[in-house]
Amino acid sequence: MIVGSGGREHALGWKLSKSDLVEKVYYASGNGGTSLNIDINPTDFKSLSKFARDHECFTVVGPEKLLESGIVDFFMEEDLPIFGPTKRASMLESSKIFSKQFMNANNIPTANFSTFSDVEKAKDYVVRQKDRKLVVKADGLSGGKGVVVCDSSDDAVKTLDSMMIHNRLGNSGQRVVIEERLFGEEASYIAICDGKTLQPLASSRDYKRLYNGDMGPNTGGMGSYSPTPLINEDIDRKILEKIMRPAISGMSSQGKPFRGFLYAGILVDHLSKEPVVLEFNVRMGDPECQPLMTRMNSDLFEYLQNASEGRLDTMQPINWTVHSAVCVIMASKGYPSSYSSREIIQGLTDIRGTNVAVFHSGTLRDEMGNVLTNGGRILGVCALGPNVYEASEKAYSEVGKIKWGQDAQYFRNDIGKSTLPN
Ligand code: AMP
Ligand code: GLY
């Protein structure tokens, strides 16, 4: 059973359904691209766990919010198999203050920072930093809206007012981290963890900005690819030795063993060329999951099951196709502000072939079997190719076949076109 309803969850279920060990994949509550959708609200742990017991499910959780709410703890108390971190281990993402202090305590490289719960002290600090470039981060989960990269101290003061006085992010913004702004290139580094050891996935990166050339507002992600040349062998080794392994052993020695997908948002500093952690997430990335699942040759289920039982050390390294994968997100025109809904999506049946896959996010199916738009980000069109550029060309030729409404779709044109700095 996959819990969640986005493109990440569709891609996880698609990959798991290929395992000989998996009979059926249920989705709670899925979307228009997934079958066997269960009509249970994912926050209703009691009904979910009953379903899991009745149908002998192994459960995989997508969204961080449910992890923070303790879905894994609930299932474990009921003795039901589940893959994901406990509520306490989820603090690596659900509290930026915890996460930054944890990194410092374990010598994990990250930007210098201070934490504040008093807005006046925070503003004083910002003013005293003079011209230093700063980033303001809400402590709690904020659905991707909690980080503001500031160009000036004025900017930072306005951000503090908005988070701590005007409560733009509710409780999440009552405490903040203020950190130095770093410059460099970014990548996503994700591993499957069993509390003691880890198995790294291939490297990937996502595109957060709405417009070509990384302009415009932040979004849930407008595209992604894997692997990224930024993570060469040397950087990969450093990420494992200086970041991922210390994180796993640090969490374990704090009595919060980390079982689940551990995702480090990495920046390779433009001066030192060293990898630094921008943030930890406690789940798979969306849309990084889509190209990763497209490239994975090994049986994902075996890894998740062994990880949930603490036996990841018995597994061989994960095998990946040497081909690259690119995922282009098709969104409703107007996203992330206002956009139309319930448009019929045309062209989906024209997408065929072993080297392409379309993962749904904001879609639903009507009684007639039509797939309708139902949100901001609608589809992730993925393609494999001998390199990122060719995978991108292939993905865009498939994107061109899909339409809805009166020219109501939007996508970036430059996903995977260049693997130079974003
Ligand atoms: P986070 O959610 O912490 O990864 O932040 C979201 C985005 O904000 C990152 O992908 C970066 O682009 C940017 N960011 C976060 N922290 C910093 C930093 N210290 N310096 C520069 N950019 C940052
Ligand atoms: N792709 C960024 C995230 O999943 O948080």
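For ligands, and for the atoms within them, numbers begin at 1 and follow the listed sequence.
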| query | Does even one non-hydrogen atom of Arg283 get within less than 4.0 Å of ligand 2? | reply | yes
| said: Aromatic contact between Tyr125 and Phe116, with the criterion being ring centroids under 6.0 Å apart: yes or no? | reply: yes
| note | re atom 8 (O) of ligand 1, the protein heavy-atom contact at minimum distance is Val147 CG1, 3.5 Å
| query | With a 4.0 Å heavy-atom cut-off (strictly under), which part of Arg8 contacts ligand 2: side chain, backbone, both or neither? | reply | neither
| said: Heavy-atom pairs closer than 4.0 Å: do any link ligand 1 to the side chain of Glu180, the backbone, both, or neither? | reply: backbone
| Nearest to atom 2 (O) of ligand 1, what protein heavy atom do you find, and at what distance? | Glu279 OE1, 2.9 Å
| message | So that I can tick it off, tell me whether Arg412 and Asp214 are bridged by a salt bridge, with the cut-off set at under 4.0 angstrom between side-chain N and carboxylate O. | response | yes
| Numbering as shown, the atoms of ligand 1 that approach Lys208 to under 4.0 Å (heavy-atom distance) | 10 (O)
| field | Those atoms of ligand 1 less than 4.0 Å from some heavy atom in Glu179 | value | 16 (N), 17 (C), 18 (C), 19 (N)
| Do Lys238 and Asp234 meet the salt-bridge criterion of a basic N to acidic O distance under 4.0 Å? | yes
| For atom 14 (N) of ligand 1, closest protein heavy-atom neighbour | Val149 CG2, 4.1 Å
| Which atoms of ligand 1 have any heavy atom of Lys137 under 4.0 Å away? | 3 (O), 15 (C), 16 (N)
| request: Pull out every atom of ligand 1 sitting under 4.0 Å from any heavy atom of Arg181, numbered as shown with elements. | output: 20 (N), 21 (C)
| request: Could you say whether the N/O atoms of Glu279 and ligand 2 ever approach to under 3.5 Å? | output: no
| request: With heavy atoms under 4.0 Å as the rule, classify the contact between Leu278 and ligand 1 as side chain, backbone, both or neither. | output: both
| Close-contact set for ligand 1 against Lys96 heavy atoms, below 4.0 Å | 2 (O), 3 (O)
| task | Check each of Asp206, Thr219, Ile190 against atom 1 (N) of ligand 2 and report the one with the nearest heavy atom. | result | Asp206
| query | Under 4.0 Å between a Lys/Arg side-chain N and an Asp/Glu carboxylate O for Glu93 and Arg283? | reply | yes
| query | What do the steps show when you test Gln129 against Leu134 for side-chain contact (heavy atoms from CB on, under 4.5 Å), and what is the final call? | reply | CA-CA 9 Å; Gln129 298 303 302; Leu134 298 172; 4.1 Å; yes
| field | Backbone N/O of His360 and side chain of Thr363: donor-acceptor pair under 3.5 Å | value | no
| query | What residue and heavy atom of the protein are closest to atom 10 (O) of ligand 1, and at what distance? | reply | Glu186 OE1, 2.7 Å
| Are the ring centres of Phe301 and Phe58 closer than 6.0 Å? | yes
| query | Within the structure, does Leu182 bring an N/O atom to less than 3.5 angstrom of an N/O atom in ligand 1? | reply | yes
| field | Any residue meeting side-chain hydrogen bond (donor to acceptor under 3.5 Å, both in side chains) with Glu179, in chain and number order, not counting sequence neighbours | value | Lys100, Lys137
| message | Can you name the atoms of ligand 2, numbered from 1 with element, that are less than 4.0 Å from a heavy atom of Gly285? | response | 4 (O)
| Do Arg237 and Glu233 sit within salt-bridge range, that is, some charged N less than 4.0 Å from a carboxylate O? | no
| Ile2: which of Thr34, Leu12, Val61 passes side chain to side chain contact (heavy atoms under 4.5 Å, CB included) | Leu12
| field | Presence of salt bridge, Asp299 and Lys18, under 4.0 angstrom | value | no
| note | Note: ligand 2 atoms sitting under 4.0 Å from heavy atoms of Asn281 are 5 (O)
